[in-house]
Q: 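Got a structure for you, written out below as structure tokens; questions coming shortly.
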Amino acid sequence: MPTFVYMTRCDGCGHCVDICPSDIMHIDKTYRRAYNIEPNFCWECYSCVKACPMNAIDVRGYADFAPLGHSVRVLREEEKGTISWRIKFRDGRIKDFVSPITTQPWGEKIPKLAEYEIPDEKELDSPLLCHEPDGLKVEGGLPTIDKSKFKQGVYY
Amino acid sequence: MPTFVYMTRCDGCGHCVDICPSDIMHIDKTYRRAYNIEPNFCWECYSCVKACPMNAIDVRGYADFAPLGHSVRVLREEEKGTISWRIKFRDGRIKDFVSPITTQPWGEKIPKLAEYEIPDEKELDSPLLCHEPDGLKVEGGLPTIDKSKFKQGVYY
Amino acid sequence: MGFNTVFEECDILVVGGGMGGTGAAYEARYWGRDLKIVVAEKANIDRSGAVAQGLYAINCYMGMRWGENQPEDHVRYARNDLMGMVREDLAYDMARHVDSAVHQFEEWGLPIMRDPETGRYQREGKWQIMIHGESYKPIVAEAARKSADKIDNRIMVTHLLMDESRPNTVGGAIGFNVRTGDLHVYKAKTVIIGAGGASHIFKPRSVGEGMGRTWYAPWSSASAYALPIQVGAKMTQMENRIVLARFKDGYGPVGAYFLHLKTYTQNAYGEEYESKWYDELKSMVGPYIDHHPTPTCLRNHAFVREVAAGRGPIHMVTKEAFQDPHKETVGWENFLGMTVGQAVVWASQDIDPKYVNPELTTSEPYVMGSHATCSGAWASGPEDISPDEYFWGYNRMMTVEGLFGAGDALGGTAHAFSSGSFTEGRLAAKAAVKYVRDHANDRVNVSEKQIEELREQIYKPLENYEIGRNEIVAGTVSPSYILPIHGLQRLEKIMDEYAGGITVNYMTNEPLLKRGLEHLRILQEDLEHIGAEDLHQLQRAWELKHRALASECVVHHTLFRQETRWPGYYYRGDHPQLDDDNWHVLTVSRRDPESGEWTMEKAPVYHIVD
Amino acid sequence: MGFNTVFEECDILVVGGGMGGTGAAYEARYWGRDLKIVVAEKANIDRSGAVAQGLYAINCYMGMRWGENQPEDHVRYARNDLMGMVREDLAYDMARHVDSAVHQFEEWGLPIMRDPETGRYQREGKWQIMIHGESYKPIVAEAARKSADKIDNRIMVTHLLMDESRPNTVGGAIGFNVRTGDLHVYKAKTVIIGAGGASHIFKPRSVGEGMGRTWYAPWSSASAYALPIQVGAKMTQMENRIVLARFKDGYGPVGAYFLHLKTYTQNAYGEEYESKWYDELKSMVGPYIDHHPTPTCLRNHAFVREVAAGRGPIHMVTKEAFQDPHKETVGWENFLGMTVGQAVVWASQDIDPKYVNPELTTSEPYVMGSHATCSGAWASGPEDISPDEYFWGYNRMMTVEGLFGAGDALGGTAHAFSSGSFTEGRLAAKAAVKYVRDHANDRVNVSEKQIEELREQIYKPLENYEIGRNEIVAGTVSPSYILPIHGLQRLEKIMDEYAGGITVNYMTNEPLLKRGLEHLRILQEDLEHIGAEDLHQLQRAWELKHRALASECVVHHTLFRQETRWPGYYYRGDHPQLDDDNWHVLTVSRRDPESGEWTMEKAPVYHIVD
Ligand SMILES: Cc1cc2c(cc1C)N(S(=O)(=O)O)[C@@H]1C(=O)NC(=O)N=C1N2C[C@H](O)[C@H](O)[C@H](O)COP(=O)(O)OP(=O)(O)OC[C@H]1O[C@@H](n2cnc3c(N)ncnc32)[C@H](O)[C@@H]1O
Ligand SMILES: Cc1cc2c(cc1C)N(S(=O)(=O)O)[C@@H]1C(=O)NC(=O)N=C1N2C[C@H](O)[C@H](O)[C@H](O)COP(=O)(O)OP(=O)(O)OC[C@H]1O[C@@H](n2cnc3c(N)ncnc32)[C@H](O)[C@@H]1O
Ligand SMILES: Nc1ncnc2c1ncn2[C@@H]1O[C@H](COP(=O)(O)O)[C@@H](O)[C@H]1O
Ligand SMILES: Nc1ncnc2c1ncn2[C@@H]1O[C@H](COP(=O)(O)O)[C@@H](O)[C@H]1O
Ligand SMILES: Nc1ncnc2c1ncn2[C@@H]1O[C@H](COP(=O)(O)O)[C@@H](O)[C@H]1O
Ligand code: SF4
Ligand code: SF4
Ligand code: SF4
Ligand code: SF4
Ligand code: NA
């Protein structure tokens, strides 16, 4: 399902252009609206669909194997923290799904490490990563292994 | 080797458009010169190349498997009744070939049957075709076979 | 769409001016001196069809004048090569006439090589003679042009018309002019189909820009099958698709190399490999593996298996033969005269067969009826030599009255090649003239309604595009239409994966075929929504529709025949053996034009010589 | 081409802000509080890389907190699955840290499912935990954005820079901005490559509009391999391409189905088929077939052979599991959260897995280093647990000084997946900080000349096009350039046919590989003539060049390893057996940057646990 853009809905804002990992959503010079310049490099990742404020982008399954007449629509609501899908089969059957996309308000829970206490320079020589060993939630600290027991050749 | 057209040579005469069995040589609206609109339906049959009075058309082997740097050029001379080929390998080696294309002057030896004597209506019931049996150049006339000996099932 | 409608009435309409069609036009004029004879050709007959770029051999010539072969020998050869399955009456009939066609070609100017010692035509092999055939097609085109009342080039015929006064009787054909867009309506008493075979039914080995470089021409678009199928004509042996050993990438034919240059194949390690697969083949096909020459499909089998076993690529050993400058010239000219693309591949890859043994591959399957295969329409044989049940009044007439065929269009006639196809065109034309005489008082009755309905269908892809295009900003993706290339790639993928293409090493079985049929049915529905941007794409749209219908037929046939008759062409994984007890028969299908339902039947093979 | 040059000096440059790159940016800031940390990303890190559309599982989580698995268990699992061939030191190291990364993700908001009874993370299988991962990538991107000094989106990095004062030492990287065209020159003390794996090395199963619907993302373009190879870094296990069983056409992953939903496979006739191939596998790989779980490649082998035997297609039996509404929801959401395309295939083909068992296929091979495969750069392990010869100063540093890698970029670390790749990024970043500290007095020396030479190379495709385009009237065929799509299709065809792709059922051998190398060499020459119409195509041109170089590496490795180590991934027809006597080793390659010559060596596999 490479993407396509409905002429009457797109206002040329460029969000899709900004997000597409494949760099294939471009603004048409004449219409000043977006379209998929290279459908054969579309992954159907829906990044652009989710990002479009006008719901102007839809997908129709790759012609190589997907018959016409289906649709898979999505509504990603950041504030609600949910994503809703509506699957319409070619024969008209419908399935709806809703899932969480995050359990936290956006932008708050991820630390700005620059504001953390500066770690001891000597810790650079330890194998521990930041927030470790606590972050491992194990007692006994970071596991390690005895080098002298290593062997070459088959192991079984 | 789909075809391409050198901008400076083509004068837009349309011979290539007229002959291409795949209907893919078209005249560009802006430049009023010919180009291959659908290289993936080109058979490299060279019909257009042979027909171009300006030698404006050349071919470069299909990119799927033909590296750049080769060429296969042709000169078809109706009056002389010959066709000449020059093959240039990628590494520069060259091979030339010349063959006859006809043993007769064009347009003369093929009969206009409308001017022949009208065949006997009864001959329609015979299995003979026009110019037969003479055209077969055999004695004994058209071969036939005894229906009663036909059999079904395996033959070996 | 403000296109005009152009009406034409004629006695004999030839659809497709290829080898069969030009032969038909010529012969029709001879017998039907006063008849109106028209050729409707989608391209330009000077360079249309499989022979557009020429041929380097005429593969079917008896040489009766020199006592070289008799028609009986041809029958034995063709049936052996096709594992017993040909229409021997049709084969014999073609063979007994083919020499006179070839003699004409020579008179007309076609340079046929001569053996300097014997003075006879230069043989490439037992059946083939060598020619400088670059202008083969312009030569036969001239014959047709001088014979027909009219050659309508650039008419893509999309449907046959049916006579509304008489049951099951053809009434002409309809199509559009690819340049002007005008609708062309031919009301004709007889129609001779010479529209060639089918490439691009199965996915080819190159899929990019090079997808057009198939062995059979990319414009061989299955119209010869779709047109009769649409009106309910019976088809035969449509499962018998052909796979050919070919030079890699360029699909250059191997005949001249094997037969004339005496080059031979070996595996990647320089080993002969065919004998390795003898036992396996013996267990699959029994005595057929011992027949001579080894049937084409069985040679393929050894090739395919050797490669699958990891000892590919297979090379053609050219280095020895090419030391002889004459043979080297033949080797190159063979391609320059018939498959220029192979010379281009070699030039581009610095392959000089004098110093390098080039690679071979096995091709994707093609559907055609004039090489080592015989798919096509079920037709009447000639009165004097056909079993009674194979004769219904007119030689080469299909099961629809007044509808004839020649060349790839006709089933059961393997190994006819260019000369045999031309010959069949002649045979069909003579019978068509007779048909016209016999029905002198009948008038063709095709209603406005019939034409209007077809007109709407024909232009629908343009309309689909025009409407759908407004919905989207730009680009090739629309929710309401697919483009012809999209549909073609879908078709090729379905056939490849479900019906035994290259990706699955020619393997299929009942579950795959049934699933393939479902996919094809849905594809047909989608083809109602095909969008054509312009007249060129409208041609592509109809070519695709023809291919899709022919493909459906191929799958039904493949499903019906519960055996593996031609290992190396395809394999029924669920019936891996040849089964003479149940399947020493021809398969015959019919699609009901109203319901679209298919019925399959067996028809006996008559062996007319020992 | 009036593009500007933008200079940037930094301590740590992260190339690619995917799972590895975001982990690296985060960790680098923690340790390198005062360092300049920059991420150069070709797309937009919010939705870039393999995780752009999300994931439905984290496939690597030990669960040490609940005593579920220990790092030793992971080593045993990964090496068993890879038929013995992993860098166990790297694997152990990743495994002992990975849990802390996952715990962070949860804190950051990633919805990880919980087993309602145990309160633990919901297991999909022994190693996998289930998530609602649609926003997995935006979440880790935020972590990177908050950590780095700068995220440069839309920078296609084309080359690494080398320090001219010290031998074999990285000096930064260079690339262009896909929007502005500006040249971006990063002079950096250390570079961490997190540029992901490679799709479109081999021809995919769909070749039209759907060619982009591969399992791994079409933008996974092998930069992670090409960048180090270009500067002479050593690579390992590049022959170990991965083939995966996937749902047909959409390439939807099967893990959740097998492990959580407990669906299972059967052939076209409803038969279990894996056991049929036990004896054959036993004869090929000996004891490995008896290990548990059955290695991924060996499961593939049974699949591939069963299909080749004519009993395909293989179906996933979903009808039973999908009767449970919870499982049905998981089945669908699995794809909506990770491979929407599979849901689209099913919707379009009316496949409701509750009523129809969908088809599976085996994919074309991918080159990557974080799934059941471990291709990538040869890197130092961590000091405390690496054999001495596998430690050269800094964890995850390649054989070029100052050059680090993570995730798909690094060789030997199979089964790291998203979480392990992120973890590797962290490990590399901490080591990079240490490297910067240790080299505090060194200054990066990259000359104008080095930059100028690269600038010319980088923009050459635009110039090729501009010049060549004037020569021809219109269209895509030029005698002087090929377009990126042309070159890509050539590459995919070469790899498919010569290096064991789908068309040859994963079969190759020495003659094929050697011929493949010749084709690749010539392709590289042609890529000097690639034409880019605009900046977007300039990106495609460089992606292709990266893929082509990585492919060369893959073929050299495949040629070097004279055994069939992973039947089901590929077969050496000339060495059909696994050979522990000679090949229980890792393969290591190096391409000399001056001559372009490759050298291959064997490196011992150290087994660090029983
Ligand atoms: C492509 C090709 C073909 C051959 C070979 C090599 C190659 C590379 N080889 S070797 O491999 O063995 O080497 C042969 C060889 O050397 N010697 C030989 O005698 N024959 C060979 N063939 C086979 C013959 O060519 C073949 O048997 C005949 O041409 C078949 O004749 P016919 O059945 O008439 O098909 P056609 O392709 O010639 O003509 C079809 C015409 O129909 C037109 N057409 C099609 N659809 C139409 C439509 N809808 N409306 C209007 N017109 C519509 C076409 O344009 C065309 O004019
Ligand atoms: C595509 C995909 C992937 C997975 C799965 C299903 C599917 C459909 N499955 S399941 O199948 O098992 O179901 C997994 C799963 O469920 N669970 C899991 O943990 N991992 C799975 N993966 C694997 C992981 O995703 C994978 O292991 C990691 O993402 C690897 O991380 P990393 O090595 O960092 O690669 P990346 O793709 O995330 O990031 C690469 C980045 O580099 C950028 N880039 C690339 N080249 C660049 C250049 N030249 N210049 C600048 N930037 C440049 C990219 O844009 C990207 O940001
Ligand atoms: N339940 C739902 N599931 C998925 N997408 C939805 C749902 N409801 C609305 N949408 C989205 O909301 C937008 C407007 O929908 P429509 O009016 O159908 O085009 C589209 O992007 C839809 O995909
Ligand atoms: N190895 C072979 N043995 C016998 N006949 C062959 C062989 N190869 C090709 N032919 C015949 O040569 C002609 C041209 O074949 P081709 O070039 O393969 O289309 C056909 O009549 C083939 O049947
Ligand atoms: N049949 C299976 N048996 C064991 N593990 C599997 C199986 N299928 C997939 N997996 C694992 O599940 C995870 C996701 O697999 P996949 O969805 O195939 O990428 C990976 O860790 C696989 O190794
Ligand atoms: S995001 Fe939507 S509205 Fe904005 S340019 Fe793209 S398609 Fe148009
Ligand atoms: S679906 Fe993904 S790849 Fe396709 S256009 Fe949208 S963002 Fe780009
Ligand atoms: S035949 Fe030659 S000169 Fe005439 S339009 Fe074609 S390319 Fe141009
Ligand atoms: S080579 Fe043949 S198919 Fe190609 S453009 Fe010329 S005439 Fe058409
Ligand atoms: Na890795």
Q: With a 4.5 angstrom heavy-atom cut-off, which part of B/E38 approaches chain C: side chain, backbone, both or neither?
A: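 Answer is side chain: those atoms of B/E38 sit under 4.5 Å from chain C.
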Q: Out of C/A217, C/A143, C/A52, which one racks up the most heavy-atom pairs below 4.5 Å with chain B?
A: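 Of C/A217, C/A143, C/A52, C/A217 has the most heavy-atom pairs under 4.5 Å with chain B.
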Q: Considering only heavy atoms and a distance below 4.5 Å, find which of C/D384, C/V102, C/D99 pairs most often with chain B.
A: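 Top count of heavy-atom pairs under 4.5 Å with chain B: C/D384.
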Q: With a 4.5 angstrom heavy-atom cut-off, could you sort out which part of B/D146 is near chain C: side chain, backbone, both or neither?
A: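 Interface part for B/D146: neither.
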Q: With chain B as the partner, which of C/H607, C/H132, C/R65 has the greatest number of non-hydrogen pairs under 4.5 Å?
A: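 Ranked by heavy-atom pairs under 4.5 Å with chain B, first place is C/H607.
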Q: Report which part of B/I19 has an atom under 4.5 Å of a heavy atom belonging to chain C: side chain, backbone, both, or neither.
A: both
Q: If we ignore angles and hydrogens, is there a donor and acceptor under 3.5 Å between the side chains of C/R145 and C/T22?
A: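 On atom types as modelled, these side chains do not qualify, holding no pair under 3.5 Å.
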Q: Got a donor-acceptor contact below 3.5 angstrom from the C/K137 side chain to the C/S48 backbone?
A: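 Present.
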Q: Around atom CZ of C/R437, are there more than 12 heavy atoms from other residues, nucleotides or ligands closer than 6.0 Å?
A: yes
Q: Under a 4.5 Å heavy-atom cut-off, does chain B meet the side chain of C/P71, its backbone, both or neither?
A: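 C/P71 touches chain B through side-chain heavy atoms alone.
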Q: Please classify the contact between C/E72 and chain B as side chain, backbone, both or neither, with a heavy-atom cut-off of under 4.5 Å.
A: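 Just the side chain, heavy atoms under 4.5 Å.
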Q: Against chain C, work out which of B/I83, B/I118, B/V74, B/L124 has the most heavy-atom pairs shorter than 4.5 Å and name it.
A: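 Ranked by heavy-atom pairs under 4.5 Å with chain C, first place is B/L124.
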Q: The test is side chain to side chain contact (heavy atoms under 4.5 Å, CB included); show your working for C/V340 and C/Q53 and say whether it passes.
A: CA-CA 8 Å; C/V340 192; C/Q53 59 184 314; 3.3 Å; yes
Q: Under 6.0 Å from the six-membered ring centre of C/W108 and within 45° of its axis: does the NZ or CZ of B/K109 meet both?
A: no
Q: Non-hydrogen atoms of chain B under 4.5 Å away: do they reach the side chain of C/E209, the backbone, both or neither?
A: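 Contact with chain B is through both the backbone and side chain of C/E209.
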Q: Between B/Q104 and B/E108, does any side-chain donor sit less than 3.5 Å from a side-chain acceptor?
A: no
Q: Which atoms of C/I45 are under 4.5 Å from chain B, going by heavy atoms: the side chain, the backbone, both sets, or neither?
A: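 Neither; nothing under 4.5 Å.
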Q: Would you check if the side chain of B/R9 reaches a backbone N or O of B/I57 as a donor-acceptor pair within less than 3.5 Å?
A: no
Q: Under 6.0 Å from the CZ atom of C/R179, do we count more than 12 heavy atoms belonging to anything else shown?
A: yes
Q: Please determine, among C/D388, C/D46, C/L427, C/L110, the option with the most heavy-atom pairs under 4.5 Å with chain B.
A: C/L427
Q: Can you see whether C/D350 engages C/Y355 through a side-chain donor-acceptor pair at a distance of less than 3.5 angstrom?
A: no
Q: Checking heavy atoms, do the side chain of C/Y216, its backbone, both or neither come under 4.5 Å from chain B?
A: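 Only the backbone of C/Y216 comes within 4.5 Å of chain B.
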Q: For the NZ atom on B/K151, are there more than 12 heavy atoms of other groups (residues, nucleotides or ligands in this structure) within a distance under 6.0 Å?
A: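 Yes, enclosed.
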Q: Which one of C/K42, C/H200, C/R540 satisfies the side-chain hydrogen bond (donor to acceptor under 3.5 Å, both in side chains) criterion with C/S221?
A: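 It is C/K42, the one option of C/K42, C/H200, C/R540 that forms the side-chain hydrogen bond (donor to acceptor under 3.5 Å, both in side chains) with C/S221.
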Q: Applying salt bridge (Lys or Arg N to Asp or Glu O under 4.0 Å), can you list everything that pairs with B/D64, at least two apart in sequence or on another chain?
A: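 For B/D64 there are no salt bridge (Lys or Arg N to Asp or Glu O under 4.0 Å) partners, ignoring immediate neighbours.
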Q: Output the option from B/A114, B/P105, B/A63 having the highest count of non-hydrogen pairs under 4.5 Å with chain C.
A: B/A114
Q: Among B/E117, B/E139, B/K149, which residue forms the greatest number of heavy-atom pairs with chain C at distances under 4.5 Å?
A: B/E117
Q: Of the backbone (N, CA, C, O) and the side chain (C-beta and beyond), which part of C/D93 lies under 4.5 Å from a heavy atom of chain B, both, or neither?
A: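 No part of C/D93 comes within 4.5 Å of chain B.
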Q: Let me know if C/T329 has heavy atoms under 4.5 Å from chain B in its side chain, its backbone, both or neither.
A: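 Its backbone and side chain both get close to chain B.
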Q: What part of B/E132 is in contact with chain C, defined as an atom under 4.5 angstrom from a non-hydrogen atom: side chain, backbone, both or neither?
A: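 Side chain of B/E132 only, per the 4.5 Å heavy-atom cut-off to chain C.
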Q: Which bit of C/P287 comes within less than 4.5 Å of chain B, counting heavy atoms only: side chain, backbone, both or neither?
A: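 Just the side chain, heavy atoms under 4.5 Å.
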Q: Quick one: which residues of residues 96-103 of chain B reach chain C at under 4.5 angstrom, heavy atoms only?
A: B/F97, B/V98, B/S99, B/P100, B/I101, B/T102, B/T103
Q: What do you reckon, is OH of B/Y31 surrounded by more than 12 foreign heavy atoms closer than 6.0 Å?
A: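 No, not enclosed.
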Q: With a 6.0 Å cut-off (strictly less than), is the heavy-atom count around CG of C/D34, excluding the residue itself, greater than 12?
A: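 Yes, because the 6.0 Å sphere around CG of C/D34 holds more than 12 heavy atoms from other groups.
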Q: Check the pair C/D580 / B/Y156 against side-chain hydrogen bond (donor to acceptor under 3.5 Å, both in side chains), numbers first and verdict last.
A: CA-CA 11 Å; C/D580 264 339; B/Y156 51 85; 2.6 Å; yes
Q: Side chain, backbone, both or neither: which part of C/D352 has a heavy atom under 4.5 Å from chain B?
A: both
Q: Test the B/R33-B/Y35 pair against the cation-pi criterion, namely NZ or CZ under 6.0 angstrom from the six-membered ring centroid and within 45° of the ring axis.
A: no
Q: Is C/R33 close to chain B through its backbone or its side chain, or both, or neither, when contacts mean heavy atoms under 4.5 Å?
A: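 C/R33 touches chain B through side-chain heavy atoms alone.
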Q: Parallel, tilted or perpendicular for B/F4 and B/Y6, by the 30°/60° rule?
A: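 It falls in the perpendicular class, over 60°.
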Q: Which answer fits C/I37, side chain, backbone, both or neither, if we ask what part of it has an atom under 4.5 Å from a heavy atom of chain B?
A: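 No part of C/I37 comes within 4.5 Å of chain B.
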Q: What is the ring orientation for C/Y288 with B/Y155, classed by angle as parallel under 30°, tilted 30 to 60°, or perpendicular over 60°?
A: perpendicular
Q: Side chain, backbone, both or neither: which part of B/K147 has a non-hydrogen atom closer than 4.5 Å to chain C?
A: side chain
Q: Between chain C and each of B/V138, B/L113, B/L128, count heavy-atom pairs under 4.5 Å; write down the option with the most.
A: B/L113
Q: So what's closer than 4.5 Å to chain C heavy atoms on B/I87: side chain, backbone, both or neither?
A: side chain
Q: Go through the atoms of B/P133 and report whether side chain, backbone, both or neither lie under 4.5 Å from a heavy atom of chain C.
A: neither
Q: Please determine, among B/G69, B/S47, B/P39, the option with the most heavy-atom pairs under 4.5 Å with chain C.
A: B/S47
Q: Would you mind telling me which of C/Q539, C/R96, C/M64, C/M338 has the largest number of heavy-atom pairs within less than 4.5 Å of chain B?
A: C/R96
Q: Should B/W85 and C/W332 be marked as a ring-ring contact (aromatic ring centres under 6.0 Å, His included) after you check the CA-CA gap, both sets of side-chain angles, and the distance that decides it?
A: CA-CA 10 Å; B/W85 296 91; C/W332 281 99; over 10 Å; no
Q: With a 4.5 angstrom heavy-atom cut-off, is it the side chain or the backbone of B/S126 that approaches chain C, or both, or neither?
A: both
Q: Any chance you could lay out the ring-ring contact (aromatic ring centres under 6.0 Å, His included) test for C/Y251 and B/W43, step after step, and finish with the verdict?
A: CA-CA 11 Å; C/Y251 288 85; B/W43 200 39; over 10 Å; no
Q: Does a side-chain N-to-carboxylate-O contact under 4.0 Å join B/E78 and B/K80?
A: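 No, this pair does not count.
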Q: Please state whether the side chain, the backbone, both or neither of B/K88 comes within less than 4.5 Å of a heavy atom of chain C.
A: backbone
Q: Using heavy-atom distances under 4.5 Å, tell me whether C/V178 contacts chain B through its side chain, its backbone, both, or neither.
A: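 It is the side chain, since no backbone atom gets that close.
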Q: Do you know which of C/Y92, C/Y606, C/W66 has the most heavy-atom pairs under 4.5 Å to chain B?
A: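 The option with the most such pairs is C/Y92.
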Q: Identify whether NZ of Lys or CZ of Arg in C/R426 sits under 6.0 Å from the centre of the six-membered ring of C/Y26 and within 45° of that ring's axis.
A: no
